[in-house]
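Working notes, structure below.
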Amino acid sequence: MIEVRYERGVHLPRQDLWLDPRDARRFAFVSHAHSDHIAPHKEIVVSERTARLMQSRLPGSRTEYILPFGEKRTVRGVDLMLLPAGHIFGSAQCFLFAGNETLLYTGDFKLRPGRSAEPAEWRKADTLIMETTFGLSRYRFPPTEQVINQIIAFCQETIDDGGVPVLLGYSLGKAQEILCSLDGAGLTPMLHGSVYRMTRIYEQFGQSFCKYLRYNPNDVFGKVLICPPSANHSHMLEKIARKRVAMISGWAVDPNAIYRYQVDAAFALSDHADYNDLLRYVEFVQPRRVLTLHGFAASFARDLRERGTEAWALSEENQMEFTLPQIPARPSVATSDAGRCTEEGCASTSEFLAFANVGEAIAATPAKLEKIRLLADYLRGLTREHLRIATPYFTGKAFAQSDPRTLHAGWAVIFRAMQAATKVSDEEFHRIASSHGDAGKTAFEVLDGRTTPQPFSISETGELFENLHRARGPIAKAELLRNRFSRLSAREGQYIVKILTGDLRIGLREGLVEEAIAKAFGVPVEQVKEANMLLGDIGQTALLASRNELDRAELSIFRPIKCMLATPEPTAEAVWERFTEVAGTDRELASSASATVYLEDKFDGIRAQLHRSTQQVEIFSRDLRRITGQFPEVVDQACNFQEELIIDGEIIAFEKGRALTFFDLQKRLGRRSDGADLFARAAADVPVAFVIFDLLWLNGRSLLKTPLHQRRRYLSSVQLPPHFQIARVMPAHSAAEIEQTFQQARQRLNEGLMIKDPGSFYLPGNRGMFWFKLKKELATLDVVVVGAEFGHGKRNNVLSDYTFAVRDETTGKLSPIGKAYSGLTDAEIAELTEHFKQNTIEDHGRYREVKPDVILEVAFNSIQPSPRHASGLALRFPRIKAIRRDKNVDSIDTLQYARELAAQRASSSASLP
DNA sequence: TGTGCCTGCCC
DNA sequence: ATTCTGC
DNA sequence: GCAGAATGGGCAGGCACA
């Protein structure tokens, strides 16, 4: 890390560069021209505007290195670049390059767009040295427009009363900002001499202002005086009998500001970033280390550390420019009626509690339409910003679907955080957890009465999830959560946990959320669904719907399209029936002798959608995640297509003309895609092929509403680079043909068969009646249940999850081989629950070892070696076919038989048709 | 440095 | 992935 | 028929800890 020291200014010893030193130095960067930042240095790095202002305030000769914004320069052997800081006219940040390392020094800055300062810009940097003047959470400024309106109203009222409004602000920067703010308000500003001089310099750089006057003591009535704070109680002002004085400063947020400044009013218009913007800035810059300066430097650094970012105060200088009385902690909801709040802009009740209550109401009704109505009412009442943030929460997601950020906060982290927040004992916690079998309910009971609730705004929920994402490691994440849980009501905690676990479990998912959006804003649900698919962001979709701008979401290349899915069917006859049963309705191909369906082998790989233009290639997974980086050699070859296209298909492990197993392919999934050596590694192991089975976009034209047979025709004319194949289409006209082709596909060791309607459009995200899949179990095993476990959610009171075993002939013992729940009806589960409760050998709480007397017939798609179970084998897609009441534990299948099945599978590999 | 646990994401 | 259930 | 809920195996990566 770049070495940083502090001695009345930041010093970088390696570069021998000082940043805003208070004392005269040989070589210094001067961020802006406020008088506490300028000193008679020998050589300075400055922006052009700051240089000009500095000359006016501190005459004398020195060497100036004047740098334009955004251009990298070398000065005295140091590589650096200036970026606008948004603080005042000409204010700059210094971005420094030192080998592979970067450092960003903000100087004074703000993110809110000012009217007289260049808007701030930033770059990612390893070290961020930032000013934290307002680094305390109470300093959150109300919207600028609102403050300006208050200032204008203050001036107007004073003039109407026959008085003179006086606005106090620093002569450089703040005064000009005030001047700009009054533009168009019908007021005539009159400037104090020092303000006037600075304003003239601004004008020389081309900044224009509304009409203003220089101070004239005989002409003040009906004008707005703009003076520096030092002019308060000065001779000049004392002469004005009827006046009202307002301080314009970020410190106005403090409720007692008017007493401290001895003014009639105070308005929070600041040239510094407020607390929220300080946090945002850290997020923008994504530094590995933050060093804080000025104001609440130590406190803010502590806050950052709590959020998982390494941060330290550079100086232990006085925490404030003014001595502030301690403000008592905000009263909690628990002890006061509604979470009273003294800060401006703070809601009187907790916004997130309102969210949670809506969730509870939705959970309480089983009727879909009622759920939709409840949600629609809630969404309609949200501000646009809150709509954007909170809508994804109803789908159980903290971020938009297309947002690749993850939280890495699962049950273990939540558990640790709740326990730390409530000091609940281990036993008590486990008692509560096992009584619910539901993370959310557990959270409610654990937190209830053990926290000090404070209002939690929707914006703060957004910050919480962002911080959680940014925090590195389970310990930091748990600490972040603990901190929040301790300030949440139990209900809010429950819903935070629900979102963290990705599942609200209130009987409402994305589909109903889309319907609610449509209902809330009176737009067609189809349009909402389409926009959501294209945007991959239900919050953004809701926002567009609220503005009636859904049509702005357009299908385009490089925006992933939801996959069309297939409905499973057990037999060829069942599939064929699907195509014939609708005869006479609108499916023209069906029932006639010429009825045709398209058959394709079902490959066992991962679904992939590849977008290719002349400039770019992207690959997306079934869940629309970007997996481009996982398959560099595919991307490489995709450049060699002649067309711009979007293709749908399956990436399979493939070597020497033969398909390998999914197991092989999986080794290439989940790899970090930004590793420099990935290409070499990926190319070195499992090779892959892209089997194309659909074409969704060709040379600028969407083919979604083109029938499959036509899409296939276009596809067949596309020239394929290496690594790409087209899945063969086999027409069929009967159930028998389907069955025959299915058997052939199985012989080729592919998973099964896809059966598609040649006339169908591509229906994104639809598991409709146009595509079917035919898969059959590899085999079934008769096994005996040796363990039973309580389920979750609505299954939390039944033993629904069974561990089962085969017999090892060599030892005669039972050898566990898998677990399954799916396949039994609720009634059967209830029956088995009773049975196992009465036949428990050992009770381990949620898990029970049971007497091995229930025989299940278990189906599965493959079997392979695995350390997961004691048998050394594991099943893929295990499901219960039947309870074999006719069998007993002596007639179950053997481990040896299971091993044979596994060996058969391993000895051969699949092939293309 | 190796191992185990947790999480996310494939099926 | 698979399967069942309620609307 | 659809949407929701509850459940399976297994991989890579990242962290914590020995």
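No contact: Lys371(A) has no heavy atom under 4.0 Å from any strand. The residue Gly502(A) sits apart from the nucleic acid: no heavy atom pair falls under 4.0 Å. Counting non-hydrogen atoms under 4.0 angstrom, Pro366(A) reaches the backbone sugars and phosphates but no base. Counting any heavy atom pair closer than 4.0 Å across all strands shown, Leu824(A) reaches sugar-phosphate atoms only and no base atom. Residue Lys602(A) is out of contact with every strand shown, counting any heavy-atom pair closer than 4.0 Å.
The side-chain hydrogen bond (donor to acceptor under 3.5 Å, both in side chains) check on Gln527(A) picks up nothing, with sequence neighbours excluded. Legend: residues meeting ring-ring contact (aromatic ring centres under 6.0 Å, His included) with Phe485(A), ordered by chain and number and at least two apart, are absent. Applying the side-chain contact (heavy atoms from CB on, under 4.5 Å) criterion to Ala574(A), with sequence neighbours excluded, gives Glu569(A), Pro570(A), Thr571(A). When the side-chain contact (heavy atoms from CB on, under 4.5 Å) test is applied to Leu753(A), the partners found at least two apart in sequence or on another chain are Leu599(A), Asp601(A), Ile738(A), Thr741(A), Phe742(A), Ala745(A), Ile755(A), Leu774(A). With sequence neighbours excluded, the residues that form a ring-ring contact (aromatic ring centres under 6.0 Å, His included) with Phe429(A) are Phe415(A). Take Phe761(A) and apply the ring-ring contact (aromatic ring centres under 6.0 Å, His included) test, not counting sequence neighbours, and it matches no residue.
Summarising the geometry, the separation between NZ on Lys477(A) and C1' on dA16(D) is reported as 15 Å, rounded to the nearest angstrom. Between Leu407(A) atom CG and dC15(D) atom C1' there is a gap of 17 Å when expressed in whole angstrom units. Between Leu774(A) atom CG and dT2(C) atom P the separation is 12 Å, expressed in whole Å. With rounding to whole Å, Asp826(A) atom CG is found 7 Å from dG6(C) atom P. Summarising the geometry, the separation between CD1 on Ile606(A) and P on dA12(D) is reported as 14 Å, rounded to the nearest angstrom. Taking atom CD on Glu479(A) and atom P on dC15(D), their separation rounds to 17 Å, with Å as the unit.
Judged by closest nucleotide on DNA chain B, Gly670(A) is the one of Glu650(A) and Gly670(A) placed further toward the 5' end. Residue order along DNA chain C, read from the 5' end via each residue's closest nucleotide, puts Lys775(A) first among Lys775(A) and Thr825(A).
The list of side chain to side chain donor-acceptor pair (under 3.5 Å) pairs with a residue in residues 409-419 of chain A, not counting sequence neighbours, reads Gln419(A)-Asp426(A).
A tilted orientation is assigned to the rings of Phe394(A) and Phe355(A), their planes being inclined by 30° to 60°.
From the 5' end on, the contacts that DNA chain B makes with chain A at under 4.0 Å to a non-hydrogen atom open and close at dC6(B) to dC11(B).
For Lys776(A), no side-chain nitrogen or oxygen approaches OP1 or OP2 of dT2(C) to under 4.0 Å.
A 6.0 Å sphere centred on NZ of Lys519(A) holds no more than 12 heavy atoms belonging to other residues, nucleotides or ligands.
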- Nucleotide-resolved protein contact map, nucleotides 1-10 of chain D, B/S/- at heavy-atom distance under 4.0 Å: SSSSBBSBBB

